[in-house]
Amino acid sequence: GTGKVTATPINGDVEYLSPVNIGGQTLNLDFDSGSSDLWVFNSQLSTASQTGHTVFNVAKSQTLQMMTGATYSISYGDGSGSAGNVGTDTVNIGGATVTSQAIELATAVSASFVEDTASNGLVGLAFSKLNTVKPTQQKTFFDNAMPNLAEPVFTADLRSNAVGAYEFGAIDTSKFNGTMQWAAVNTTNGFWQFSSEKFQVGDATPMAVPGGQAIADTGTTLMLTSAAVVNAYYANVQGAVNDQQVGGVTFPCNSQLPDLQFDVGGSFMANVKGSDINFAPVDNAGTTCFGGVQAIQSNLQIYGDIMFKSQFVAFNGGNNSIGMAPHQ
Ligand SMILES: CC1CCN(C(=N)N)CC1
Ligand SMILES: CC1CCN(C(=N)N)CC1
């Protein structure tokens with residue numbers, strides 16, 4: 001089978017939310033290819049933590065079965081996180097269905113998740129080896145769904161300030177231009193990881209980032225690359241400054257931003273449109289804008305939604321590869 005759901009950008013493309021049916025109840029969840037837990041806001045949470053959220057009502061599902069003694073606890077790069085107990089239930093994502101999917105039921109969530117009332121939890125789409133359920137690690141929705149999918153793939157079609165889609169089991173060739181290019185993924189760390197050691201800013205001379213690695217991460221808003229790339233990129237942008245107050249590089253909102261090409265697994269170069277690198281204004285007048293490409297102090301670069309807005313991405317769990325092509 002296959003399944004397809006909308007991916008709706010929230011609050012200026014900070015994150016993308018998709019409807020997921022769990023035991024007959026539909027919640028908007030954040031699909032995250034950088035983690036491997038499916039967890040939801042639910043009726044066990046304190047009233048305060050539930051405020052503003054659509055919660056999964058554990059009493060209302062006819063098919064929920066609690067997993068005795070199972071717990072989970074997850075924290076994310078930005079210090080947010082959640083923890084709780086675990087059950088299994090039927091999960092249907094746009095028609096792709098898993099009858100006994102581990103559903104992690106938060107009994108505690110961090111403030112940033114409570115405040116983020118658009119999101120009612122996450123669907124982890126990285127590799128199951130990163131799943132945090134104890135004592136028995138659980139599989140991701142994609143791992144469970146794969147055997148029944150027409151093709152062992154899911155795709156991310158994320159758009160700038162427009163509704164896109166996640167699809168399971170098929171690659172919709174009408175959604176991208178030209179031929180999709182593929183590269184091998186290294187699953188050792190549990191991410192959709194590939195080497196990324198070469199970059200090109202506009203039509204300048206390509207630059208090397210020896211040992212550069214990257215992950216394709218729908219759960220991260222920006223594109224986090226090495227400081228060397230960030231410096232080389234914004235050297236081309238008049239008025240770009242690294243503003244510690246704001247927390248990264250800003251530039252005049254009317255800047256003509258160059259494209260940025262990046263290496264995928266040593267197999268091909270993919271392009272991020274300059275227009276997609278203008279993330280958002282930081283001032284009310286809209287004169288100063290925050291860059292979508294920012295520095296990360298690690299050689300594991302994180303290619304988040306800024307990259308997905310320029311590239312239609314296919315994740316192949318059959319042969320552990322990643323495909324990219326410019327959006328149609
Ligand atoms: C390496 C980190 C990337 C950001 N994360 C995530 N999308 N869940 C956490 C892991
Ligand atoms: C993986 C990310 C999902 C979104 N996050 C959040 N709402 N605090 C951060 C972690």
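Counting starts at 1 for both ligands and their atoms, following the listed order.
- For I302, every heavy-atom contact with ligand 1 shorter than 4.0 Å involves the side chain, none the backbone.
- Considering only residues two or more places apart in sequence or on other chains, H53 meets the ring-ring contact (aromatic ring centres under 6.0 Å, His included) condition with F41.
- Close placement of the F113 and Y76 rings is indicated, their centers lying within 6.0 Å of each other.
- The minimum heavy-atom distance linking P9 with D13 is given by the pair CB-OD1, 3.3 Å.
- Not a single ring-ring contact (aromatic ring centres under 6.0 Å, His included) links Y16 to another residue, sequence neighbours left out.
- Set against the non-hydrogen atoms of F191, the atoms of ligand 1 under 4.0 Å away are 1 (C).
- Proximity to Y76 (heavy-atom distance under 4.0 Å) selects the following atoms of ligand 1: 8 (N).
- Atoms of ligand 1 found under 4.0 Å from any heavy atom of D217 (numbered from 1 in listed order, with element): 3 (C), 4 (C), 5 (N), 6 (C), 7 (N).
- Set against the non-hydrogen atoms of T220, the atoms of ligand 1 under 4.0 Å away are 4 (C), 7 (N).
- Judged purely by atom type and a 3.5 angstrom limit, T221 uses its side chain to pair as donor or acceptor with the backbone of V14.
- For ligand 1, the polar-atom distance check finds an N/O of G34 within less than 3.5 Å of one of the ligand's N/O atoms.
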